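Read through the structure below, which is laid out as structure tokens, and then see the notes.
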Amino acid sequence: MHRPVLLVIAHGSRDPRHAATVHALVRRVRALRPEVRVETGFLDFNVPSVPGVLESLATEGVRDVVALPLLLTRAFHAKADIPAVLADAPARLRIRQAEVLGPSPLLLTALERRLYEAGLSPADKSSTGVVLASAGSSDPEASAVIAAIAREWRHTGWCAVRPAFASASTPRTEDAVRELRALGCRRVAVAPYVLAPGRLPDRIARGAADADVLADVLGPAPEVARLLLERYDAARVPELMPLGALGA
């Protein structure tokens, strides 16, 4: 079967750690599926730009592209920015926009991986409260999704899980940490629900100053790489969409 090019669309950042993390994730995706051509484009701040990559692909004679937003929720970038950029692509390209990454059970597994790497163990779950700390969005749909993920995650055995936001919405990370302390959780951990370092993840880290554990960003976790390929497969062959792919 003909395989479209996978174009991973990242937001971009002035912080060099952001692009480095995106590229590390893309390398892991390529290693998992070497027969798929994977390209990376950025909406802002970094190169190559999304329009530049699309123009290059069209010049090469590529016809089919799956554009995958490297986003955890369907906020403004997924609903407006990316469709607008794709609408201006060369007409000879056939482009399908894949769904955003979240929500997905794979992301919950990746979050727990990062918490365990930071020092927790599965035996700590019942006595540990977790702050699910996202970047935040003015889009109420995105905020509601974060709250729903926190509720779902709580049912996997944690003492309590509270959502928090680095911008646009409340509570902030430090407020959620205090709430979990007040609930009587023996320890409090902060799990950043973000893909790459940058200004807002740094704000999450500052808000975690009074927590016992601060996990790393999701970055190139193997579960995230697998999820990118799930979204790619669902977009290129909709009838083969995995039954467990929430949000796809």
Side-chain angles (χ1 to χ4, degrees), residues 1-12 18-19 21-43 50 53-54 57 62-87 89 93-114 134-135 137 139 141-142 144-146 148-149 152-153 192-196 217-248:
M1 181 183 296
H2 171 71
R3 297 183 180 90
V5 171
L6 169 56
L7 172 58
V8 176
I9 301 180
H11 182 275
H18 175 90
T21 302
V22 170
H23 290 310
L25 174 58
V26 168
R27 285 194 296 273
R28 177 155 257 166
V29 172
R30 289 183 179 130
L32 287 174
R33 195 81 65 85
E35 70 276 15
V36 174
R37 179 176 175 180
V38 187
E39 300 291 341
T40 308
F42 296 90
L43 291 174
V50 175
V53 175
L54 292 171
L57 291 174
V62 170
R63 294 297 305 276
D64 294 300
V65 176
V66 169
L68 195 159
L70 199 59
L71 301 168
L72 296 174
T73 58
R74 273 185 50 79
F76 182 78
H77 294 303
K79 294 177 179 178
D81 284 354
I82 291 175
V85 170
L86 298 180
L93 290 176
R94 293 190 293 257
I95 302 175
R96 292 184 180 182
Q97 181 176 330
E99 287 291 344
V100 297
L101 299 182
S104 167
L106 283 170
L107 291 175
L108 291 182
T109 303
L111 286 165
E112 294 200 352
R113 170 189 291 277
R114 293 302 190 222
S134 73
S137 171
D139 187 318
E141 178 187 345
V145 166
I146 300 301
I149 293 170
E152 177 186 352
W153 202 14
Y193 190 63
V194 293
L195 287 166
V217 299
L218 294 169
E223 296 83 4
V224 179
R226 285 169 51 203
L227 182 55
L228 261 70
L229 289 169
E230 278 194 9
R231 296 294 189 249
Y232 167 77
D233 289 338
R236 74 185 180 96
V237 189
E239 63 271 18
L240 297 183
M241 180 171 60
L243 293 177
L246 296 180

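Fair warning: this is a prediction, and the values are worked out from it, not measured in the lab. These numbers come from the heavy atoms of this one structure, side chains and all, not from hydrogens, waters or symmetry mates.
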Donor-acceptor contact below 3.5 Å, side chain [X] vs main chain [Y]:
X      : Y      : value
Arg3   : Val36  : no
Tyr232 : Ala98  : no
Arg114 : Leu218 : yes
Gln97  : Ala78  : yes

* To do: Decide yes or no on side chain to side chain contact (heavy atoms under 4.5 Å, CB included) for Leu70 and Leu101, but give the supporting numbers first.
  => CA-CA 7 Å; Leu70 199 59; Leu101 299 182; 3.9 Å; yes
* Sequence neighbours excluded, every pair satisfying side chain to side chain donor-acceptor pair (under 3.5 Å) that has a member inside residues 23-32 -> none
State, yes or no, whether a side-chain contact exists between [X] and [Y] at a heavy-atom distance under 4.5 Å.
X      : Y      : answer
Ile82  : Leu71  : yes
Lys79  : Glu141 : yes
Ile149 : Leu107 : no
Val29  : Leu229 : yes
Thr40  : Val53  : no

Taking all heavy atoms of [X] and all of [Y], pick out the closest pair and write down the distance.
X      : Y      : result
Leu227 : Ser104 : CD1-OG, 3.5 Å
Pro220 : Thr21  : CD-CG2, 4.0 Å
Arg236 : Arg96  : O-NH1, 2.9 Å
Pro192 : Leu111 : O-CD2, 3.7 Å
Ala67  : Pro69  : O-CD, 3.5 Å
Ala19  : Phe42  : CB-CZ, 4.1 Å

* Measuring from Arg231:CZ to Glu99:CD, what's the distance to the nearest 0.5 Å? -> 7.0 Å
* **Euclidean distance, Leu68 CG relative to Glu230 CD, rounded to 0.5 Å** => 11.0 Å
* Begin with the C-alpha distance, continue with both residues' side-chain angles, and end with the deciding distance and a verdict on side chain to side chain contact (heavy atoms under 4.5 Å, CB included) for Val66 and Asp233. => CA-CA 9 Å; Val66 169; Asp233 289 338; over 6 Å; no
* To do: Show your reasoning for whether side chain to side chain contact (heavy atoms under 4.5 Å, CB included) applies to Leu108 and Glu112.
  => CA-CA 6 Å; Leu108 291 182; Glu112 294 200 352; 5.7 Å; no
* Let me see the working for Thr73 and Asp139 under side chain to side chain contact (heavy atoms under 4.5 Å, CB included), right down to the final yes or no. => CA-CA 10 Å; Thr73 58; Asp139 187 318; over 6 Å; no
* **Partner set under side chain to side chain donor-acceptor pair (under 3.5 Å) for Glu39, not counting sequence neighbours** => Arg37
